Amino acid sequence: MIPPPLSSRDRILALLRCHADGWLSGEKISTELQLSRAAIWKQINSLRALGLAIEARHAKGYRLLEIPDLLFNSDVAGELDCRIVARSLDILQVVDSTNLQLKAQAEAGAAEGAVLVADQQLAGKGRLGRQWASPAGVNLYCSILLRPQIPVQQAPQLTFLSAVAVVDVLETVGKVKAEVKWPNDILVGGAKIAGLLNEMSAETEQINYVVLGIGINLNMTADQFPPELNYPATSVLLETGQLVDRRVFLRALLERLDFYYVEFLEQGFASIRQRWEQRCPIINRRVSVDAGPVGTVVGLEVDGALRLQFDAGTIERIVAGDVRLVN
Ligand code: BTN
């Protein structure tokens with residue numbers, strides 16, 4: 001895939017990173033990027049405003065003093081192995097909510113595959129009107145714009161698709177074994193490590209767009225979770241004691257999402273459903289729904305409803321509710 005174009009700021013940062021062991025002259029930047037000295041100086045100052053320590057010396061040029069854990073397009077965009085996802089990629093330092101911003105872009109006609117990532121969210125949205133804690137510098141907050149030509153009722157299948165991709169990358173990059181909890185929580189040892197908020201705009205029969213919103217707790221420490229959180233939560237750091245490189249994680253996540261989305265468009269929901277069921281500990285187990293009826297979970301319906309079989313043999317569709325294992 002052709003990588004999305006980088007801003008002047010990110011191209012300068014990429015050059016500085018390549019020359020992190022020494023000085024990079026203004027002349028070299030100017031020649032390589034076709035930028036005036038004044039434009040370079042402006043971008044250097046905007047990088048400094050983001051917290052990067054850049055030394056400037058007359059007759060020597062610029063030098064990166066330390067590489068902070070900030071997310072930049074230049075770290076992620078190059079040579080992604082993607083066909084649809086990340087056709088355009090924007091990484092912002094602060095937004096209210098990546099879902100809100102990407103929905104606005106979708107309304108304005110943004111193309112399928114657009115990805116918006118933020119280092120920090122000031123109004124991160126969770127499900128059921130909750131907030132999603134989104135401190136700077138530690139986690140991943142990203143939204144992906146899709147425009148699948150599928151019946152509206154099948155849109156929930158994309159939630160299962162994103163859940164499978166997140167669980168995979170938590171395992172391969174994060175080195176934690178996560179599970180899916182119907183309908184769309186991602187847990188490690190019963191504590192929530194990631195959340196999915198997929199939002200759709202549709203006419204009666206046709207999907208305009210779906211925004212897949214994904215929040216993953218990577219390097220968050222215990223004191224960064226809001227005290228009012230009323231469910232157990234965790235992060236990769238808390239589970240493994242290891243910091244995760246957010247750039248590596250994000251690249252792997254975008255590639256995995258793309259792989260599953262292309263497979264979904266070409267072959268339908270069957271293999272996503274199978275993968276989700278493999279990652280779901282309640283399949284073939286007895287559960288209660290909202291502390292009420294008890295039955296055995298026998299799988300997922302095509303619209304994402306849970307299939308619950310009662311002892312008498314009847315199967316019921318569960319479309320919402322709190323599902324818990326019973327002994
Ligand atoms: C949940 O409550 O489980 C869903 C949380 C979803 C959070 C992500 S972070 C990126 C995207 N932007 C948002 O405002 N929310 C989602």
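Since this is a predicted model, take the numbers as computed values, not measurements. Positions are given from 1, in the same order as the sequence printed here. Note that ligands are numbered from 1 as they come in the structure, with each ligand's atoms numbered from 1 the same way.
Looking at Asp223 and Thr221, their side chains do bring a donor and an acceptor atom within 3.5 Å of each other.
Between Lys192 and ligand 1, at least one N/O pair is under 3.5 Å apart.
A 6.0 Å sphere centred on CZ of Arg324 holds no more than 12 heavy atoms belonging to other residues, nucleotides or ligands. Counted within 6.0 Å of CD on Glu205, heavy atoms from surrounding residues, nucleotides or ligands total 12 or fewer; the atom is thus considered open.
Atoms of ligand 1 found under 4.0 Å from any heavy atom of Leu196 (numbered from 1 in listed order, with element): 3 (O), 4 (C). Which parts of ligand 1 touch Gly124 is read off a 4.0 Å heavy-atom cut-off, strictly below it: atoms 14 (O). Within ligand 1, counting atoms from 1 as listed, the ones closer than 4.0 Å to a heavy atom of Thr98 are 10 (C), 11 (C), 12 (N).
Using a 4.0 Å cut-off between heavy atoms, Leu100 makes no contact with ligand 1 at all. The backbone of Cys142, and not its side chain, has at least one atom closer than 4.0 Å to an atom of ligand 1 (non-hydrogen atoms only; backbone = N, CA, C, O).
In this structure, Val298 shares a hydrophobic cluster with Ile315, the cluster being traced through Ile, Leu, Val, Met, Phe, Trp and Tyr side chains under 4.5 angstrom apart.
For residues 126-167, the set of pairs meeting the ring-ring contact (aromatic ring centres under 6.0 Å, His included) definition, not counting sequence neighbours, comprises Phe160-Trp276.
In terms of protein heavy-atom proximity, atom 8 (C) of ligand 1 is closest to Gly215 N, 3.6 Å. Given atom 5 (C) of ligand 1, the protein heavy atom at minimum distance is Trp132 CE3, 3.4 Å.
Closest heavy-atom approach to atom 9 (S) of ligand 1 among the candidates Gln131, Lys125, Gln121, Lys103: Gln121.
Under the 4.0 Å criterion applied to side-chain N and carboxylate O atoms, Asp96 and Lys125 are not assigned as salt-bridge partners.
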